[in-house]
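Working notes for the structure below.
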Number of protein chains: 2
Amino acid sequence: MRDPLPNFPGYALRRAANATAAELSARLADTGLRQSDVSVLMLIAANPGVTASAVGRQLGIERANMVPLLKRLEGLIDRAPIDGKSQGLALTAAGRARLSEARKVVEGFEAELLARVPPEHRDHLLPALEALWR
Amino acid sequence: MRDPLPNFPGYALRRAANATAAELSARLADTGLRQSDVSVLMLIAANPGVTASAVGRQLGIERANMVPLLKRLEGLIDRAPIDGKSQGLALTAAGRARLSEARKVVEGFEAELLARVPPEHRDHLLPALEALWR
DNA sequence: TATTGTTATACTCTATAACTATA
DNA sequence: TATAGTTATAGAGTATAACAATA
């Protein structure tokens, strides 16, 4: 079948993102975490005391969507009041343990992704992608 | 803020796909078509008489999801029975006209996307992406 | 005035299961 | 048996509007 679409970088981007997201989701199933959960946990781990709003801004997640996400992570995240309206987030011991599991899955998967890219293109992938959204 | 996530190609892929999809959707608003609509119209235009199932297979769209999609494109697509259970799809005159509009938007956008990528990385984007899903 | 956290809501995309009819 | 078209449904991801309380 004639198919001109794969020649469009935007289309290839969508297909690649879709395929890899589905694969990572399947691999994360055992941890009970979603990709967005893991990214939030990673950001909190790297920045203890950060607010939910700041996490959302950094990851491109709307404030409103942080609420159910953090609710799903109950027990893994600790909330400590900063002032009357802000709360600092940090991982609990359980949160660190779960993140440690998830991190193995994610980092293994990311390494595999890079390995799938032919060597001559490999180092160009990340800079090219970053130019499209940063 | 410390943020290790942009160093993950899978994460960058998701962010880039998300950002570009939102932008293209906004640009397509005037045409009344979605990205998936345009990709379906393009595939039918390139392969007159193709079945809905074949289009879905090629584009990674489930058969079941082709039904409301084609219903949305009523008037743009013509269905002719091939045998008792299959229908061949083709564009109507209106379909060709709408696709012509949408094609300008999409091709302009795709060219802009490539232009955003630094020249030394540009030619590597498409091959690298294709390695991730093909 | 701007920001935080929150509630409610809606739209899109995608996936699965199941059914009918035909090849 | 496998495939085409269809219906119904559910899960994610994402977006907006609006509100109260606080900076």
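Under the 4.5 Å side-chain criterion, counting only non-hydrogen atoms from C-beta, A:Ser36 is in contact with A:Leu69. Looking at heavy atoms from C-beta onward, A:Leu73 lies in side-chain contact with A:Leu41 at the 4.5 angstrom threshold.
The two residues B:Pro6 and A:Leu126 make their nearest non-hydrogen contact at O-CD1, 3.5 Å. Between B:Thr20 and A:Leu132 the shortest heavy-atom distance is CG2-O, 4.2 Å.
Not counting sequence neighbours, the partners of A:Asn65 by the side-chain contact (heavy atoms from CB on, under 4.5 Å) test are A:Ile61, A:Glu62. A:His124 is linked by a ring-ring contact (aromatic ring centres under 6.0 Å, His included) to B:His121, B:His124, counting only residues two or more places apart in sequence or in another chain. For B:Arg79, the side chain to side chain donor-acceptor pair (under 3.5 Å) partners at least two apart in sequence or on another chain are B:Gln87. Scanning for salt bridge (Lys or Arg N to Asp or Glu O under 4.0 Å) contacts around A:Arg27 gives A:Glu23, A:Glu112, with sequence neighbours left out.
Read 5' to 3', the first and last nucleotides of DNA chain C with an atom closer than 4.0 Å to a heavy atom of chain B are C:dT12 to C:dA23.
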Annotated protein contacts, base or backbone, on nucleotides 13-23 of chain D with a non-hydrogen cut-off under 4.0 Å, one of B, S, - each: SBBBB----BS
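Between B:Ser53 and D:dG5 there is a side-chain polar atom (N or O) within less than 4.0 angstrom of OP1 or OP2.
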